[in-house]
Protein chains: 2
Amino acid sequence: MLASPTVENYLKAIYQGQSALADGQHVPMGQLAAALGVVPGTATTMVKALAESGLVSYEPYVGVRLTVAGEKLAVMVLRRHRLVELFLVQVMGMNWTEVHDEAEHLEHAVSDRLIQRIDAMLGHPQVDPHGDPIPDASGTVDRHEYHSLLTCPLNTRVTVTRVLDQNPTFLKFIEDCALMPGRAVEVTTRDTAADSVSVKTPDRTVTMGARAASKLLVQLETNPI
Amino acid sequence: MLASPTVENYLKAIYQGQSALADGQHVPMGQLAAALGVVPGTATTMVKALAESGLVSYEPYVGVRLTVAGEKLAVMVLRRHRLVELFLVQVMGMNWTEVHDEAEHLEHAVSDRLIQRIDAMLGHPQVDPHGDPIPDASGTVDRHEYHSLLTCPLNTRVTVTRVLDQNPTFLKFIEDCALMPGRAVEVTTRDTAADSVSVKTPDRTVTMGARAASKLLVQLETNPI
DNA sequence: TTGGAGATTTTGACTAATCAAAATATAATA
DNA sequence: TATTATATTTTGATTAGTCAAAATCTCCAA
């Protein structure tokens with residue numbers, strides 16, 4: 001029942017690997033190992049132990065998937081992480097680009113009691129500073145699809161809602177370009193050959209690679225659901 | 001240089017064991033093991049490793065003592081712990097009787113950067129909610145002697161300044177008796193035979209055992225240094 | 001259908017931290 | 001001084017988590 005920080009990190013990584021996949025798909029061991037910064041053999045060993053405790057289902061040479069119990073735990077780790085991140089920004093006045101690493105440690109140390117207080121103090125928020133949804137106390141996570149700067153309609157005002165990368169350097173770039181969550185922008189051109197996307201902000205027009213553009217999720221302003 | 005939570009806990013326990021002793025005295029292994037909730041053999045093994053890393057000096061069959069390096073580290077752990085405790089009370093509105101266990105976990109997870117912010121937010125406080133002194137950023141800890149309810153003059157107004165026990169049950173008892181840090185009280189009688197001390201608070205008179213009385217440190221109101 | 005290439009698993013070894021229980025040292029008592 | 005009680009150290013084993021490198025599997029392409 002008591003998951004070690006390591007176990008929590010495995011579950012979180014599997015959850016995040018899974019959420020990029022279609023339902024019922026398995027997360028390949030190589031990807032998991034890479035996400036956790038361990039060698040593949042280590043991931044295999046650990047995942048077999050997790051399967052033993054009923055937190056994941058593991059298919060050799062295929063990959064790993066969370067069970068209901070594992071997902072419940074993973075979501076709670078994510079809840080702690082994201083509430084802590086928002087707390088660090090809103091209450092402690094830290095920069096949204098630098099709270100991820102701090103939260104990475106604190107997510108394993110904060111008690112349920114403290115998390116409840118943080119949640120209440122912040123008014124039961126829906127999203128963290130990067131736009132990632134915060135699961136509620138019952139473990140329900142608001143999951144709906146967004147466009148990205150790569151898929152949204154051209155020359156249409158959209159609002160940045162989420163940044164799918166926690167790298168401080170990338171986040172600082174986003175901040176410099178005024179593309180943080182909440183900003184209204186407009187994709188002016190996409191150049192498939194150059195693999196680039198140009199985005200117009202109130203201040204200026206920024207051009208970035210497709211890979212970066214795909215990490216910026218947006219909502220159409222006219223279609224708020 | 002990077003101390004694991006376990007190492008931090010050992011250093012902290014040795015520091016606290018030491019501070020009840022005369023200068024240069026060794027903390028006996030049995031006491032250390034008991035404080036950490038491990039069997040004596042475990043403490044011996046660990047302490048030998050700490051000695052290897054230059055954090056403690058260890059004398060077989062005598063005990064263990066912090067080196068300068070070890071003390072520096074221990075003090076920083078204490079600083080984190082106490083700042084976190086005060087933060088939980090002042091900012092998060094938690095009860096002073098219940099913050100110790102939470103801080104016990106957080107002290108190993110908060111970064112220097114966050115601790116700095118907490119320290120600033122609280123206005124560089126001197127003591128935590130139990131009256132324990134908070135070492136400053138340079139590691140200087142304000143150490144001066146107090147009386148306890150067992151040693152202070154009789155029928156003289158004194159102020160409770162520190163409670164030397166983190167047990168929530170004990171703390172709740174102290175709270176119920178209105179003997180928390182800051183309260184003005186007066187010892188009316190001491191009964192050596194009955195091993196008891198009677199203390200007059202504004203509300204009522206409480207009688208407690210000598211062991212409990214010795215855990216309540218006080219300052220003479222007329223002699224504020 | 002037969003190689004590879006690339007991913008995955010296995011094997012053996014290692015570190016940190018722990019315990020149980022036997023061995024030993026120190027201190028206290030007779 | 002001899003004996004006993006108590007504290008401490010040793011020894012051998014265990015668990016969690018990890019790596020390096022060898023062995024194995026899967027799948028695509030020739």
Side-chain angles (χ1 to χ4, degrees), chain A residues 1-14 17-18 20-21 25-66 69-70 73-74 77 104-105 107-109, chain B residues 1-14 17-18 20-21 25-66 69-70 73-74 77 104-105 107-109:
Chain A
M1 296 303 141
L2 352 61
S4 68
T6 304
V7 166
E8 292 191 340
N9 284 336
Y10 272 82
L11 296 177
K12 199 176 48 161
I14 297 166
Q18 238 173 232
L21 262 47
Q25 290 293 99
H26 290 255
V27 178
M29 297 313 260
Q31 178 187 315
L32 177 61
L36 291 163
V38 297
V39 301
T42 300
T44 300
T45 308
M46 191 64 197
V47 160
K48 286 205 283 191
L50 293 177
E52 206 61 35
S53 358
L55 293 171
V56 306
S57 92
Y58 165 60
E59 272 198 49
Y61 295 103
V62 178
V64 62
R65 219 168 25 150
L66 294 174
L73 253 171
V77 180
E104 207 67 19
H105 291 105
E107 68 186 6
H108 308 297
Chain B
M1 299 302 142
L2 353 60
S4 68
T6 303
V7 166
E8 293 190 340
N9 284 334
Y10 272 82
L11 296 177
K12 198 177 49 162
I14 297 166
Q18 239 173 230
L21 262 47
Q25 290 293 100
H26 291 256
V27 178
M29 296 315 259
Q31 178 187 315
L32 177 62
L36 290 164
V38 299
V39 300
T42 301
T44 299
T45 309
M46 191 64 196
V47 160
K48 286 205 284 192
L50 293 177
E52 207 61 36
S53 355
L55 293 171
V56 306
S57 92
Y58 165 60
E59 272 198 48
Y61 295 104
V62 177
V64 63
R65 219 166 27 150
L66 294 175
L73 252 172
V77 179
E104 207 67 20
H105 291 105
E107 68 186 6
H108 309 296

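The basis for the numbers below is simple: all heavy atoms, side chains too, and nothing from hydrogens, waters or symmetry mates. Reminder, nothing fancy here: chain letters follow the sequence lines and each chain counts from 1.
Distance OH (B:Y61) to P (C:dA25): 6 Å, rounded to an integer number of Å. Residue B:L36 contributes atom CG, which lies 15 Å from atom C1' of C:dA16 at whole-angstrom precision. Separating the CE atom of B:M29 from the C1' atom of C:dA27 is a distance of 18 Å, rounded to the nearest angstrom.
Nearest heavy atom pair, residue B:G17 against residue B:Q31, reads CA-NE2, 3.6 Å. Between B:A43 and B:V38, the closest heavy-atom pair is N-CG2, 4.2 Å. Smallest separation of non-hydrogen atoms from A:P40 and A:A33: CA-CB, 3.7 Å.
Between A:V39 and A:T42 the shortest side-chain heavy-atom distance falls below 4.5 Å. Under the 4.5 Å side-chain criterion, counting only non-hydrogen atoms from C-beta, A:M46 is in contact with A:V7.
Of the side-chain N and O atoms in B:S4, one or more sit less than 4.0 angstrom from OP1 or OP2 of C:dA17. Regarding contacts with the backbone of C:dA16, every side-chain N or O of B:Y10 stays at 4.0 angstrom or more from both OP1 and OP2.
For DNA chain D, the outermost nucleotides in 5' to 3' order that have an atom under 4.0 Å from a heavy atom of chain B are D:dT8 to D:dT10.
Rounding to the nearest 0.5 Å gives a distance of 3.5 Å between NE2 of A:H108 and CG of A:N9. Considering NE2 of B:H26 and CD1 of B:I14, their distance stands at 11.5 Å, rounded to 0.5 Å.
Checked by atom type and distance alone, the side chain of B:Q18 pairs as donor or acceptor with a backbone atom of B:L66 at under 3.5 Å.
One finds no salt bridge joining B:E59 and B:R65 here, because no Lys/Arg side-chain nitrogen approaches an Asp/Glu carboxylate oxygen to under 4.0 Å.
Only B:Y58, B:P60, listed by number, bring a heavy atom of residues 51-60 of chain B to less than 4.0 angstrom from any atom of DNA chain D. For the contact set between residues 37-50 of chain A and DNA chain C, defined by any heavy atom under 4.0 Å, the members are A:P40, A:G41, A:T44, A:K48.
In summary, of the residues considered (B:V64, B:L11, B:V47), a side-chain contact (heavy atoms from CB on, under 4.5 Å) with B:L55 occurs for B:L11 alone.
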Exercise. Do B:M29 and B:Y58 pass the side chain to side chain contact (heavy atoms under 4.5 Å, CB included) test, and can you show the C-alpha distance, the side-chain angles, and the key distance before you say yes or no?
Worked result: CA-CA 10 Å; B:M29 296 315 259; B:Y58 165 60; 3.9 Å; yes
